[in-house]
Amino acid sequence: NTTHLWCLRALKYSVPILQRARGAGERWEEEHYEDGVKWRFLEHKGPLFAPEYEPLTDNVRFHYNGQPMKLSANAEEVATFFGKMLDHEYTTNAIFRANFFTDWREVMTSAERKLITNLNKCDFQEIHTYFTEKTEAKRVQSKEVKQDLKMEQEAIAQEYGYCTMDGHRERIANYKIEPPGLFRGRGSHPKMGKLKNRIQPEDVIINCSRDSKIPVPPTGHNWKEVRFDNKVTWLASWTENVQGAMKYIMLNPSSKLKGEKDWQKFEIARRLKGCVDDIRAKYSADLKSREMKSRQRAVALYFIDKLALRAGNEKEEGETADTVGCCSLRVEHIKLHNKLNGQACVVEFDFLGKDSIRYYNKVLVKKQVFKNLKHFMQNKDPSDDVFDRLNTHNLNKHLQELMEGLTAKVFRTYNASITLQHQLEQLTDSEGSEAEKLLSYNRANRAVAVLCNHQRTAPKSFDQSMKKIQAKIEAKKEQIDLTKSELKSAKMYHKVKKDKKSKLVVEKKKKMVQKLEEQLTKLEVQATDREENKQIALGTSKLNYLDPRITVAWSVGGWVRSGEIKWRVGGSESKGMLESSSWEASTSTDTMGRQRERDALSEMLSFGWDVTPRLCGLFWRQFHCRPLPTKKYTGVDPEGVVVGGGGGG
DNA sequence: GCTGTAGACTCAGAAAGGTAGTA
DNA sequence: CTACTACCTTTCTGAGTCTACAG
């Protein structure tokens, strides 16, 4: 049921502390900060550190070369990291094992190091069993105990999980410091298995306001530094030891800060929509530029625009998995086909992109693009860059000149969102059932996920669950046949009897058939949806690439159900009207469409909030197609505002 | 200008967690 | 009613993008 609003998770987490008295129609405009300033006031409790290591009891033994041995506390802790992962594929990977063993030996005592020289002789089985049993014990404990534990966690979250930023109580995304463990890189990462050290307060930089209550470090400890930098958004940071990367504690996406940025992102994408034709004309012309750099840039832009490739920064060789994006494509990643299956100028891509997800695609390209590629790849080794005169820096600099705020990734956002809109227009049948409309939405969403190459490994039980739903469909069909024949005999009986009672039976059977047939289509649609979604991940595009306004326009703008719609906020229902205003209809300057959207939001958000762009951003971001609220996510937030939750599927 | 690097922020899929439907 | 399990959401943290700044 896509036409109900229910999920205002954002409200649950971002609560204005300084409620302003505002009259009807008065806009809430918070002052704009000067360039680069992100906040005026920031107060928080500091991060929550990982619980200390609890040594194993003597009955859980590590064996070396068949002999049980008690490890020193440090060595034992690191051993448990490996032991816990025993049924994971990582522990069979040679690089993982080698890195782990090297780092493990470093924390051993010299005696241990002398003895333990071969990982193959190490037996972590008891450790593994111990933790498996522990998990199981946790799983089976009583409802009451689980509830208590949850309450405890909630209390901690209330203390550490929120901060105050400029008068708003904001939820923190990751208030917990990452616990020590073994580094799990994606793909074939040269550092996988290395030890991620335990972070101490002495490693952590705190960022807050000078006039706030400065977080107190755990007793006996000190912070690395306390700074008061309001040009950045993070609350705390540290440097991670495996890659030397910085880690940050930042706000939840529901926060004003993140929501506003998110909103801005879609506004930039919409601005691109306004000038994308010019930009396309420009790079198409540049395909024939006399300057090599411009030609390469033009081809790269063509790919970024047409295929939604990522920019492709250079990476330090040997430090990370070997993955590429557009600018870092190598000759070995591209095959040129003068003719393929009757088509001319086909480019075959095969490379590993972000997270080592494979990108494989055969694409029909412009003749000039093909010619250029041939030229770029001439006399080069497979490991040479295709675009040797190009990098993301000068590409983005060029884009910046074409449109303010334009970078390579904006094309991804733009093309994702415009694809959703076009697909929705094409696929939605206004006469279809809700299940069919939901399928249309998911198909449109899927087109975007395919464009952005968002993949997932098929769920373990996929085939099984597919069989199950097929069985259900068969059962339903049988049931329909049965009911139909019952209807037939009821009709015959009625012909003879011609009384009220027999007529009633006919009606009843008729209704039953109808109902069953509805259930059948719903199941069939569900099965189709699931099958098509086997290896495609919709979440990332839904969350990060699709302008929620398009979904709102689709779901309430008459495509799904025209006329009056009911908005559900918490327990109370209010009614609102909203006219269609897709990306096409609304522009960056405030149109009537936007105003109506705001009005509708205003209705929904009848908690004394003004509907600022930010709020729209917050709420829309959360607005996916999902059914009515169920009890499970309905809660009361700290300020006593009842918030409905979204659940189900 | 160009290059290299640190820093800060968005976006990514896997894994964990939790609930509702089902046996 | 309870245990199981399928399925969806949230959490986690790694992997990108992009900018600022130094030499």
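Convention: sequence-line order gives letters A, B, ...; per-chain numbering from 1.
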Worksheet item: Where do A:Ser209 and A:Asn230 land on the side chain to side chain donor-acceptor pair (under 3.5 Å) test, with the steps shown first?
Response: CA-CA 8 Å; A:Ser209 310; A:Asn230 70 355; over 6 Å; no
Response to the item:
Comparing nearest nucleotides in DNA chain B, the 5'-proximal residue of the pair A:Thr135, A:Asn391 is A:Asn391
Discussion item. Please report the distance, rounded to the nearest Å, between CG in A:Asn174 and C1' in B:dC9.
Written reply: 12 Å
Practice prompt. Please state how far atom CG in A:Asp87 lies from atom P in B:dA15, giving the value in whole angstrom units.
Written response: 11 Å
Worksheet item: A:Phe411 CZ to C:dT17 P: how many Å, rounded?
Response: 15 Å
Worksheet item: Parallel, tilted or perpendicular: which fits the ring planes of A:Phe100 and A:Phe124, with parallel below 30° and perpendicular above 60°?
Response: perpendicular
Worksheet item: Do any side-chain nitrogens or oxygens of A:Lys196 fall under 4.0 Å of OP1 or OP2 in C:dG14?
Response: yes
Item to complete: Answer with yes or no after comparing the ring centroid distance for A:His44 and A:Tyr175 against a 6.0 Å cut-off, counting only values under it.
Response: no
Worksheet item: So, is A:Lys258 close to the B:dC11 phosphate, meaning a side-chain N or O under 4.0 Å from OP1 or OP2?
Response: no
Practice prompt. Compare side-chain N and O positions of A:Arg456 against OP1 and OP2 of C:dC8 and report whether any pair is under 4.0 Å apart.
Written response: no
Fill in: Euclidean distance, A:Asn197 CG relative to A:Glu240 CD, rounded to 0.5 Å
9.0 Å
Worksheet item: Among B:dG7, B:dC9, C:dA15, which nucleotide sits nearest the side chain of A:Phe183?
Response: C:dA15
Worksheet, complete the sentence: A:Glu316 CD to C:dG14 C1', in whole Å, measures 17 Å
Fill in: Salt-bridge present (A:Arg443, A:Glu532; N to O < 4.0 Å)
yes
Item to complete: Kindly assign one of parallel, tilted or perpendicular to the pair A:Phe351 and A:Tyr359, based on the angle between their ring planes and the thresholds 30° and 60°.
Response: parallel
Worksheet entry | Interatomic distance, A:His454 NE2 vs B:dA14 P [rounded to whole Å] | 12 Å
Practice prompt. Name the closest nucleotide to the A:Met250 side chain, picking from B:dG13, C:dC18, B:dA8.
Written response: B:dA8
Worksheet item: For the side chain of A:Arg412, counting heavy atoms from C-beta on, which of C:dC18, B:dT10, B:dA12 is nearest?
Response: B:dA12
Item to complete: Would you indicate which nucleotide in B:dA8, C:dT19, B:dA12 comes nearest to any side-chain atom of A:Asn396?
Response: C:dT19
Discussion item. I need the CG-P distance between A:Leu543 and C:dT11, as an integer number of Å.
Written reply: 12 Å
Worksheet item: In chain order, what residues pass the side chain to side chain donor-acceptor pair (under 3.5 Å) check against A:Arg330, with sequence neighbours excluded?
Response: A:Asp322, A:Glu332
Discussion item. Tell me if the side-chain of A:Lys354 makes a donor-acceptor pair with the base of B:dC11, cut-off 3.5 Å, by modelled atom types.
Written reply: yes
Worksheet item: With a 4.0 Å cut-off on heavy atoms, is A:Gly539 in touch with a base, just the backbone sugar-phosphate, or nothing at all?
Response: nothing
Response to the item:
Sorted by position of nearest nucleotide on DNA chain B, 5' first, the leading residue of A:Thr457 and A:Trp234 is A:Trp234
Discussion item. For A:Arg40, is there an ion pair with A:Asp166 - N to carboxylate O distance below 4.0 angstrom?
Written reply: no
Worksheet item: Between A:Lys196 and A:Glu77, does at least one N-O distance fall below 4.0 Å, as a salt bridge requires?
Response: no
Item to complete: Can you figure out which of B:dC9, C:dG14, B:dC11 approaches the side chain of A:Thr233 most closely?
Response: B:dC9
Item to complete: Indicate whether the side chain of A:Glu154 and that of A:Gln158 have a donor and an acceptor atom separated by less than 3.5 Å.
Response: yes
Worksheet item: At under 4.0 Å between heavy atoms, what does A:Thr320 touch on the DNA or RNA strands: base, sugar-phosphate, or nothing?
Response: nothing
Fill in: Rounded distance in Å - OH (A:Tyr359) to C1' (C:dA15)
19 Å
Item to complete: Enter the distance from A:Lys84:NZ to A:Thr80:OG1 here, rounded to the nearest 0.5 Å.
Response: 5.0 Å
Worksheet item: Quick one: A:Lys247 NZ to C:dT11 P, roughly how many Å, whole number?
Response: 17 Å
Discussion item. Please determine whether any donor N or O and acceptor N or O are separated by less than 3.5 Å between the side chain of A:Arg184 and the base of C:dG14.
Written reply: no
Discussion item. At a heavy-atom distance below 4.0 Å, what parts of residues 301-314 of chain A sit against DNA chain C?
Written reply: A:Arg310, A:Ala311, A:Gly312, A:Asn313
Worksheet item: Which ranges of DNA chain B pair up as stems, where a stem means three or more consecutive Watson-Crick or G-U pairs with both distances under 3.5 Å?
Response: B:2-23 with C:2-23
